[in-house]
Amino acid sequence: DAHGLITMLFDKVDRILIDSCQKLCVISNCAVGTENIDIPYATKKRIFVTNTPGVLTETTADLAWALILSVSRRVVEGDTFLRDGKFIGWRPSLLLGVNVYGKTLGIYGMGRIGTAVSRRAKGFDMQVIYHNRRRNEEVEREIRAKYVDFPTLLRESDFLVITAPLNEESQGRFGIEEFRKMKRTAVIVNVGRGQIIKEKELAFALKEGIIWGAGFDVYEREPIVEEGLLNLKNAVLIPHLGSATEETRTKMADIAIENVILALSGNIPKNLVNPKVLGENKKS
Ligand code: GLV
Ligand code: GLV
């Protein structure tokens, strides 16, 4: 009997669910990603689909940097080392990492989050290159980010950060072939979607030293994490915390509620993901 639905990222809103809600007029996802929802079907049924973009951009970009720095400087490994009582004195070759300052940052998916990650690279005097479905001229002007083709992105990135959404082009885009084209000292960071990387192949690449390290917030079969990654020291693995700050999660909840209220009071919600629904509405 619900008129509005507030959903989380892993609530599957498929045809069966939509068909069982005859009165439904809005599905408000409390996330920026919306791949848990059958959008074409919702549109056909004249149901608004909304998300919570914008407010989580900077928070997720911060987390991408937390991963860049903790992988490159072995922060998690160092913490474990110390707590295990192994810190018996300063040693010149203890837990050596790789420099971040002055390196090349590669962004796969230059949208809002990719741009926010790139902006932070200025303080590290990094050169920013990116690959995206479309060129983003604004970011080229603002950050002097350079658009490159996919093979160049793989070849030249010291830190390759994935901020793309899941779509036909990004799904399974990174596998062993791609890792082999990267630098042996490269670090890959994924704050986009898990299915963009073939996790088993990544575990192999990390184990064999084909690339240097990885930082992950999202997983291919979330919440299941590839067994092979779990015992690798050169991977930092966190449980999908991209937008997880008190401030941002509160804002996301507010926006999700606001979208429902707007829709149920006869207005167009602010964060409409399926504007085509407006055309469908007119026909009725
Ligand atoms: C998080 O992954 C989101 O899509 O908000
Ligand atoms: C490190 O603490 C240094 O002084 O080099």
Side-chain angles (χ1 to χ4, degrees), residues 4-14 17 26-40 42 48-68 70 107-118 120 132-133 160-174 188-199 202 214-226 229 235-260 269-275:
L5 205 56
I6 293 181
T7 49
M8 302 299 142
L9 204 50
F10 289 87
D11 293 328
K12 206 163 186 57
V13 184
D14 55 11
L17 184 77
V26 56
I27 301 161
S28 171
N29 216 34
C30 195
V32 67
T34 46
E35 70 274 6
N36 54 315
I37 300 167
D38 187 338
I39 294 177
F48 290 127
V49 178
T50 64
N51 65 346
T52 61
V55 291
L56 51 73
T57 302
E58 304 298 339
T59 307
T60 306
D62 285 348
L63 191 86
W65 273 94
L67 287 171
I68 290 172
S70 53
I107 301 281
Y108 179 71
M110 192 58 107
R112 281 179 289 245
I113 298 172
T115 304
V117 172
S118 305
R120 286 157 175 72
N132 200 38
R133 285 193 292 188
L160 207 166
V161 180
I162 297 172
T163 46
L166 187 65
N167 54 40
E168 272 165 32
E169 197 190 313
S170 66
Q171 178 137 22
R173 190 76 198 261
F174 292 83
I188 193 162
V189 166
N190 190 2
V191 294
R193 280 295 179 263
Q195 293 99 311
I196 295 172
I197 292 190
K198 295 174 185 151
E199 228 164 85
L202 175 83
F216 269 50
D217 189 37
V218 288
Y219 303 87
E220 205 173 358
R221 290 169 296 135
E222 219 166 299
I224 298 164
V225 177
E226 163 60 31
L229 282 178
V236 173
L237 309 169
I238 51 176
H240 205 145
L241 299 176
S243 61
T245 63
E246 293 202 16
E247 298 101 313
T248 294
R249 285 282 164 84
T250 304
K251 282 188 198 145
M252 287 166 70
D254 286 344
I255 291 172
I257 292 164
E258 195 190 351
N259 282 324
V260 171
K270 274 190 202 148
N271 309 104
L272 196 57
V273 174
N274 59 341

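Order of listing sets the numbers, starting from 1, for every ligand and every atom in it. Bear in mind that the values here come from a model prediction, so they are computed numbers and not experimental data.
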Heavy-atom contacts with [X] under 4.0 Å: which atoms of ligand 1 show up? List them by number with element.
X	result
Gly33	3 (C), 4 (O)
His240	1 (C), 2 (O)
Val32	3 (C), 4 (O), 5 (O)
Arg193	1 (C), 2 (O), 3 (C), 4 (O)
Leu56	5 (O)

N-O pairing of Arg120 and Glu58 below 4.0 Å: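 Here Arg120 pairs with Glu58 in a salt bridge, since their nearest N and O are under 4.0 Å apart.
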Identify which one of Asn36, Val273, Thr50 satisfies the side-chain contact (heavy atoms from CB on, under 4.5 Å) criterion when paired with Asn29.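 Considering Asn36, Val273, Thr50, a side-chain contact (heavy atoms from CB on, under 4.5 Å) with Asn29 is found only for Asn36.
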Locate the shortest heavy-atom distance separating Thr57 from Ala116; write the atom from each residue and the value.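 Minimum heavy-atom separation between Thr57 and Ala116: CG2-CB, 3.8 Å.
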At their closest point, which heavy atom of Ala42 faces which heavy atom of Ile27, and how far apart are they?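 The answer is CB-CD1, 4.2 Å.
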Please lay out, stage by stage, how Asn167 and Ser170 fare under the test side-chain hydrogen bond (donor to acceptor under 3.5 Å, both in side chains). CA-CA 5 Å; Asn167 54 40; Ser170 66; 3.3 Å; yes
Taking distance alone, with no angle check, do Ser243 and ligand 1 share an N/O pair under 3.5 Å?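 By distance alone, the answer is no.
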What do we get for Leu9 next to ligand 1 when only non-hydrogen atoms under 4.0 Å count, side chain, backbone, both or neither?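 Leu9 to ligand 1: side-chain contact only, backbone stays beyond 4.0 Å.
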So do the side chains of Ile196 and Leu166 get within less than 4.5 Å of each other, counting heavy atoms only?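 Sidechains of Leu166 and Ile196: in contact.
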